[in-house]
Amino acid sequence: MVQSPPIDNLTISQKTEFDRDRFDQSVMPTYGRFPIAIERGEGCRLWDTEGKEYLDFVAGIATCTLGHAHPALIAAVSEQIKKLHHVSNLYYIPEQGQLAEWLVNNSCMDKVFFCNSGAEANEAAIKLVRKYAHTVLDKVEQPIILTAKASFHGRTLATVTATGQEKYQKGFTPLPTGFAYVPYNDITAVENAIADLDEGTLSRVVGIMIEPLQGEGGVRPGDLEYFLKLRKICDENNILLVFDEVQVGVGRSGKLWGYEKLGVEPDILTSAKGLAGGIPIGAMLCKDSCAAFEPGNHASTFGGNPFVCASALAVLQTIETEGILHNVQARGEQLRVRLRAIAKKYPSLFTEVRGWGLINGIELRADIDLTSINLVKAAMEEGLLLAPAGTKVLRFVPPLIVSTAEVDEAVNILERAIAKVA
Ligand SMILES: *Cc1c(COP(=O)(O)O)cnc(C)c1O
């Protein structure tokens, strides 16, 4: 049993009143929530309102990069909120410049646009691709963006249309036009789609938006060979390659960016989730060669404000100075080795283990009733938080600071949960 860490200046009640019925009376029921309410966190641990402790292998869905209550993040937000938190982009914001410079210096990109979420970052990328197509590329009238089936790009109308999963689009027609879908990791499908959709300057494929590793779609890493060919096809056909790194970016893959795992550079890259360690932020990065936005083309009131930029800088500098990428690689390997042993022990339940760094998944057999949700619930009862990635994949996305002992503890808890449901 790991001891609860010391807390300064904070009185912790073992049991806080929380009324779910009252919550549901006024909060829009858009989420299927698990029946616990989290009250406090420290490192990779969370405590609910009943005082129960959990090991957190969800990290706010791959977002709390430095875990909970990290001293570097506490210091950055405390100092910045006292100094200045928001002024709008009517003025120059020094922290925004510093963050953009850090991102440019630590990626293959040249320019950064800031917003507040992954969907918004992808929305900006979609607009940039269209603007580029209309103004630079042969003035294409009806530009098309190819995306992958089983992808996830967000919930706004454009990004839910980009998302290659009908379940997210159902009930929201009419959807924006200008998107087409291909199976992931299938290069022939891309070649065929580009040929089939080519109507010259009237309409053609001008962008391919894709995740280096599909997160929500089941923790599915991209094939190196596929991505190399994708880059070649984009170069030969004047197509912009957009990588949605909202989930896999900012160190989660074991590299700072997912594209480094593939050895292929995109033209545009989007980031959000882990970028400010849980403070809401989104960013769209691009190369100078396709930076087609002009003043007035795109904007966000909150985008890149002093508060979020100082938070993101603290997260990125901590990743840099504390050798966190090395931890991600080592802990990821440790986790996969142990998950593979579980998959081998229970061949009637699991098919395979997949992932990079600290984004990993174990897939359940399609021919059994057990779902990822069943296992998430069983693990939760034992004190481990996990997230489903679709109905058949159990996802492990702990804070990037997770320790050797915590990885072992998580797998031990998971083994107990599996033994109960098996
Ligand atoms: C979570 C996610 C998004 C959407 O991000 P939001 O911040 O929820 O809008 C987009 N793309 C990918 C790959 C994601 O994982």
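Just so it is clear, the model here is predicted, and its values are computed rather than measured. Indexing begins at 1, ligand by ligand and atom by atom, following the structure's order.
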Could you tell me, atom by atom, which parts of ligand 1 come under 4.0 Å of a heavy atom of [X]?
X	value
Ser117	7 (O), 9 (O)
Asn122	10 (C), 11 (N)
Asp244	10 (C), 11 (N), 12 (C), 13 (C)
Gln247	15 (O)

Would atom 15 (O) of ligand 1 count as contacted, meaning some protein heavy atom under 4.0 Å?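 Yes, there is a protein heavy atom closer to it than 4.0 Å.
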
Can you find a side-chain donor-acceptor pair between Arg338 and Asn412 that sits under 3.5 Å?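 Asn412 and Arg338 do have a side-chain donor-acceptor pair below 3.5 Å.
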
Between Asp56 and His68: side-chain donor-acceptor atoms closer than 3.5 Å: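 Yes.
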
Give yes if a backbone or side-chain nitrogen or oxygen of [X] is under 3.5 Å from a nitrogen or oxygen of ligand 1, and no if not.
X	answer
Glu211	no
Phe152	yes
Lys273	yes
Ala119	yes
Ala272	no

Could you check, using the six-membered ring where one of them is a Trp, whether Phe307 and His86 have ring centers closer than 6.0 angstrom?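 Here the rings of His86 and Phe307 have centres that are no less than 6.0 Å from each other.
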
Is it the case that the ring center of Phe114 lies less than 6.0 angstrom away from the ring center of Phe302?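 Centroid separation for Phe302 and Phe114: 6.0 Å or greater.
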
Starting from atom 5 (O) of ligand 1, locate the nearest protein heavy atom and write down its residue, its atom name and how far away it is, to 0.1 Å.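 Its nearest protein heavy-atom neighbour is Gly118 CA, 3.3 Å.
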
Please say which of Leu241, Ile187, Val264 ends up in a side chain to side chain contact (heavy atoms under 4.5 Å, CB included) with Phe227.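 Testing each of Leu241, Ile187, Val264 against Phe227, the sole residue satisfying side chain to side chain contact (heavy atoms under 4.5 Å, CB included) is Val264.
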
Does the pair Arg331/Glu333 count as a salt bridge with the N-to-O cut at 4.0 Å?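 No, this pair does not count.
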
Between Lys52 and Glu39, is the closest basic N to carboxylate O distance under 4.0 Å?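 No, this pair does not count.
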
Drop me the distance from Ile362's CD1 to Leu394's CG, to the nearest 0.5 angstrom.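 So the CD1 of Ile362 and the CG of Leu394 are separated by 7.5 Å.
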
